[in-house]
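Okay, structure first, notes after.
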Number of protein chains: 2
Amino acid sequence: MTDDRRSGCPINLTLEVVGDKWSLLIIRDMMFGNRRHFRELLTKSEEGISSNILADRLKTLLDADIITREDDPSHKQKGIYSLTEQGIELLPVLAQMAAWGYQYLPVSEELGIRARLLSEGGPKMWAEFMDELRETHLGQVRRRKGPSVGERLQAAYESVVNRT
Amino acid sequence: MTDDRRSGCPINLTLEVVGDKWSLLIIRDMMFGNRRHFRELLTKSEEGISSNILADRLKTLLDADIITREDDPSHKQKGIYSLTEQGIELLPVLAQMAAWGYQYLPVSEELGIRARLLSEGGPKMWAEFMDELRETHLGQVRRRKGPSVGERLQAAYESVVNRT
DNA sequence: GCCAACTGATTGCGATTTGCAACTGGTTGT
DNA sequence: ACAACCAGTTGCAAATCGCAATCAGTTGGC
């Protein structure tokens, strides 16, 4: 783990931290799938990450202060992973990638619906969702106003999945 | 070059196309550095990409319809690479990554100034810059209104570099 | 107390990807 | 004619990836 950087360009530095094929997917699952434990991230991943890669990426993300880990009081071996403020602020990056992928790539209907809603909702919806994440991951209190963005996204996803 | 995808998730599909350490840097150089030839991308890159990687990534980006290549009439061997509409629409992704990197990573002053301006300018400035890119890369005409975003970013960069 | 199932990982190992350096075959300017 | 320039290609060693098996500790059921 050397910290020599290729350049001081913000885009490059960001890529050096999360510019691989897995890190952002892990963060996506933590944000949209509410995965907080190792096993959840391992087995409920759409793409099937393997355990050594997951362990390695979690370590990297911990080092980069994008997530934190604390012990689960209900199980001595379980750890709970949480997003930090920095991690939560990666949401706009994910949202833009989702919007781009939704527009130009062969996205499946079930998995695309969230991207569509999030894209249509725009930065305002993103900010609201980030507030919800701050509540779930940082324990901050949020002034509620109706159904959460997370709930709405989940409901839309299920409605597509259950449609016969 | 198999086209089996890990999942139909828009974020995953986007990562499968540009989720490596170099592709987005090449696109960045084409957008902000106005690099259009192989040599320009190779030698004027901040990070020092090697020629085989560059050739490989350009091929991938061509296949993904993010860039196009045409012969340079002024030199039989030279090719001119241009961004497609899809490629230009990656700007918001880059802008968000730049904003995140600028806020949380040890960005150098010279290379950070563009990120700061672009972040402060927000989606409106991004749209304007994308229009300029459509002009340069797609040959579209643009209704001009004062100095271009590209010129403003470049001027800011040079002013930081030349400051003693 | 015993044991199966579950927990977060780690290890071994072959396949792939990366990246440096040298090189190729062709073009251009002088 | 010849040096400089052009877009790549090739060889090869090192690093990374990803699958499967394994590990050691924890928990719940009986």
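So that the names make sense, note that chain A is the first sequence line, chain B the second, and so on, each numbered from 1.
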For this session: Send over the distance from B:Leu62 CG to D:dA7 P, rounded to a whole Å.
Result: 14 Å

For this session: Calculate the interatomic distance between A:Asp56 atom CG and D:dG18 atom P; express it in whole Å.
Result: 11 Å

Exercise. Taking OP1 and OP2 of D:dC17, is either one under 4.0 Å from a side-chain nitrogen or oxygen of B:Arg6?
Worked result: no

Problem set entry | Close approaches to DNA chain D from residues 20-51 of chain B, in residue order (heavy atom, under 4.0 Å) | B:His37, B:Phe38, B:Arg39, B:Ser51

For this session: Determine which pairs satisfy side chain to side chain donor-acceptor pair (under 3.5 Å) with at least one residue from residues 33-44 of chain B, sequence neighbours left out, and list them in order.
Result: B:Arg36-B:Ser82

Exercise. Could you give the angle between the helix axes at the two ends of the helix from C:dG1-D:dC30 to C:dT30-D:dA1, with five pairs per end, rounded to 10 degrees?
Worked result: 20°

For this session: Determine whether B:Leu117 and B:Tyr102 fall in the same hydrophobic cluster, where Ile, Leu, Val, Met, Phe, Trp and Tyr are linked whenever their side-chain heavy atoms lie under 4.5 Å apart.
Result: yes

Problem set entry | Side-chain ion pair, A:Glu16 and B:Lys21, N-O less than 4.0 Å | no

For this session: Please check the phosphate of C:dG19 (OP1 and OP2 only) for any side-chain N or O of B:Arg57 closer than 4.0 Å.
Result: no

For this session: Calculate the interatomic distance between A:Glu16 atom CD and C:dT18 atom P; express it in whole Å.
Result: 14 Å

Exercise. Between B:Arg28 and B:Glu47, is the closest basic N to carboxylate O distance under 4.0 Å?
Worked result: yes

For this session: In whole angstrom, give the distance that lies between atom CD1 of A:Ile53 and atom C1' of C:dG12.
Result: 14 Å

Seminar exercise, completed: Rounded to the nearest 0.5 Å, the CZ atom of B:Arg114 sits from the CD1 atom of A:Ile11 at a distance of 9.5 Å

Problem set entry | Cluster overlap A:Met30 with A:Leu62, hydrophobic side-chain contacts below 4.5 Å | yes

Problem set entry | Length of the line joining B:Leu54:CG and D:dA7:P, which is rounded to integer Å | 10 Å

Exercise. Quick one: B:Asp71 CG to D:dG8 C1', roughly how many Å, whole number?
Worked result: 14 Å

Problem set entry | Length of the line joining A:Asn52:CG and D:dA21:P, which is rounded to integer Å | 14 Å

For this session: Output the residues of residues 76-84 of chain A in contact with DNA chain D, where contact means a heavy atom of the residue under 4.0 Å from an atom of the strand; sort by number or write none.
Result: A:Lys76, A:Gln77

Exercise. Taking atom C1' of D:dC5 as reference, at what distance in whole Å does atom CG of B:Asp72 sit?
Worked result: 13 Å

Problem set entry | Side-chain touch A:Arg152/A:Met125, heavy atoms, less than 4.5 angstrom | yes

Exercise. Just checking, is any N or O donor in the side chain of B:Ser23 or B:Asp20 under 3.5 Å from an acceptor N or O on the other one?
Worked result: yes

Exercise. Among pairs that include at least one residue of residues 105-137 of chain A, which meet ring pair (Phe, Tyr, Trp, His ring centres under 6.0 Å), considering only residues two or more places apart or in two chains?
Worked result: A:Phe32-A:Phe129

Problem set entry | Salt bridge present between B:Glu120 and B:Arg116 (N-O < 4.0 angstrom) | yes

Exercise. Can you name the residues that form a salt bridge (charged side-chain N to carboxylate O under 4.0 Å, His left out) with B:Glu85, not counting sequence neighbours?
Worked result: B:Arg134

For this session: Between C:dT27, C:dA21, C:dG12, spot the one nearest the side chain of B:His75, thanks.
Result: C:dT27

